[in-house]
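Inspection log for the structure reproduced underneath, given as structure tokens.
When a ligand or atom number is given, it counts from 1 through the structure's own listing order.
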Amino acid sequence: MQILKFGGTSVGSPERMRRVGELIDDGLPKIVVLSAVSGTTNKLVELGELIRKQQIEAASIKLAALREEYRVFVNELLPTEPFQDRGHAVVRGIFDEMEQLLWVNRFESSHEKWILAQGEVISTNLFQIYMELIERPSVLLSALDFMRIDEHGEPDLEWIQRRLELLLSQQHPLATYFITQGYICRNAADEVDNLQRGGSDYSATLIGAAIRAEEIQIWTDIDGIHNNDPRIVENTWPIRQVSYREAAELAYFGAKILHPTCVIPAEDRQVPIVLKNTFEPKSPGTLISNASSNRTITAIAAKDGITAIKIQSGRMLHAYGFLRRVFEVFEQFRTPIDMITTSEVSVSLTIDSDKHLPEIIRSLELFGDVSVDKNQSIICIVGDALSAHTEVTKHIFSALESIPLRMVSYGGSNNNISILVNQDAKNAALRSLHKHLFQNTNTTLSVNF
Ligand code: ADP
Ligand code: ASP
Ligand code: MG
């Protein structure tokens, strides 16, 4: 069984959605995971915020505009009766329910999450009706029947596997194409929830891992993982093959093409991931698998919204157990640490979530002076045997000579060098690193593909 996931741009218009119908149509059984139509989730986020703030008139206008967008979408995607009627009925039902939420007495976070889920519910319903229109056998599987996160927001793979096996084993005589929603799930309280923004990739890899699929294909709007962020840097190019480790690091450290943790389930169960471009389906894309490459440097990525925390304390001098106590604070508040550097009397570390920052600071102040720098970016250089090549650091530091570096993490792994800079300096740092590491003809580092 193959898993094919199509992102927001790939289903972003009736024409694109029809194209997805063609791309999947090889007669082989598969699970097709769809995102919301591009732009919809952002609009639903805004809608939820407006209702939460009780700005009902603005919310009502936003809702009406989105309803109208989908009315046009349905007319174009499903030009014939009775399919068009069915499309309109689905959209009407969902928008009527959303409208009722404008008037509830207490608008809860569970309502807001329910709203966020509707983008994927609409796209999958419309696509499934379209598959019927073109007479292709298909079944809609509701992700809410098998995708689940636990009380810590972590996917429950055992549950997902059990439920999926059950659902897939039920008699679907005509079912060749199983269509389901990315991103959405149920939580431990059985409410509708989600796998965080960009989470449809994660849905696809969780499904692929759960049923031990032969391959997970992630179809998007670019020809695979590029060696730097193409939104910021010119002349980037796609990498044909990366290892799970490299892909996981790139995703975690900001390569938006993949959800930050979506590589993990695929790696755990050794299911290859292929990234493909819906606009150029013949282009090879990127294969993520166990195979390692002989490259020194694979790619550069950057993650914004980082907070650096420094704890300074004389008590660190020759002390043991100090770092353990510091780490325990982060454990207590379930906040992962990304980077860490230490000196004799101080330790600096970074976190990407400020959810518990005030409590963390209060607890750390028991150990010494605490200072906080917000709006930082981690720049991550990913490759293989990085520290074996003495040239690497030379080029990194000369690329960044005019940029103040807040922290440098080197040697923690042979696959990653991370550097913390102020968010304002990120673009310049990415561009300069690209020039020095990938476009410098005087080095042997930039062997790619
Ligand atoms: P989808 O909606 O299909 O999930 P996304 O917008 O989430 O697509 O991800 C694809 C986008 O990721 C690309 O259009 C590109 O701008 C951006 N991107 C950021 N970093 C990279 C990278 N290293 N390689 C490829 N794309 C990247
Ligand atoms: N629709 C969701 C988002 O925009 C999930 C996804 O597209 O992966 O974040
Ligand atoms: Mg995405």
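- Looking at Ile222 against ligand 1, only its side chain comes within 4.0 Å, counting heavy atoms.
- Ligand 2 does not have Gly8 within reach: every non-hydrogen atom of the residue lies 4.0 Å or more from it.
- With 3.5 Å as the limit, one finds a donor-acceptor pair spanning the side chains of Asp304 and Ser377.
- Here the heavy atom of the protein found nearest to atom 3 (C) of ligand 2 is Arg197 NE, 3.3 Å.
- Gly199 counts as a contact of ligand 2, since one of its heavy atoms falls under 4.0 Å from the ligand.
- At a heavy-atom distance under 4.0 Å, atoms from both the backbone and the side chain of Lys256 approach ligand 1.
- Residues His111 and Trp103 place their aromatic rings such that the two centres sit no closer than 6.0 Å.
- Neither the backbone nor the side chain of Asn227 has a heavy atom within less than 4.0 Å of ligand 1.
- Within the 4.0 Å heavy-atom criterion, neither part of Ser35 lies near ligand 1.
- Gly8 N, 3.1 Å is the protein heavy atom nearest to atom 2 (O) of ligand 1.
- The proximity of Glu120 to ligand 2, defined as any non-hydrogen pair under 4.0 Å, is limited to the side chain.
- Results of the side-chain contact (heavy atoms from CB on, under 4.5 Å) test with Ile115 over Leu101, Thr41, Val45, Val192 single out Leu101 as the only residue that passes.
- Note on Arg431 versus Glu234: no salt bridge recorded, every NZ/NE/NH1/NH2 to OD/OE distance being 4.0 Å or above.
- Relative to atom 14 (O) of ligand 1, the option among Thr220, Asn277, Asp221, Thr9 with the closest non-hydrogen atom is Asp221.
- Residue Lys5 touches ligand 1 through its side chain alone, judged by heavy-atom distances below 4.0 Å.
- Taking a cutoff of 4.0 Å between a charged side-chain nitrogen and a carboxylate oxygen, Glu46 and Lys43 do not qualify as a salt bridge.
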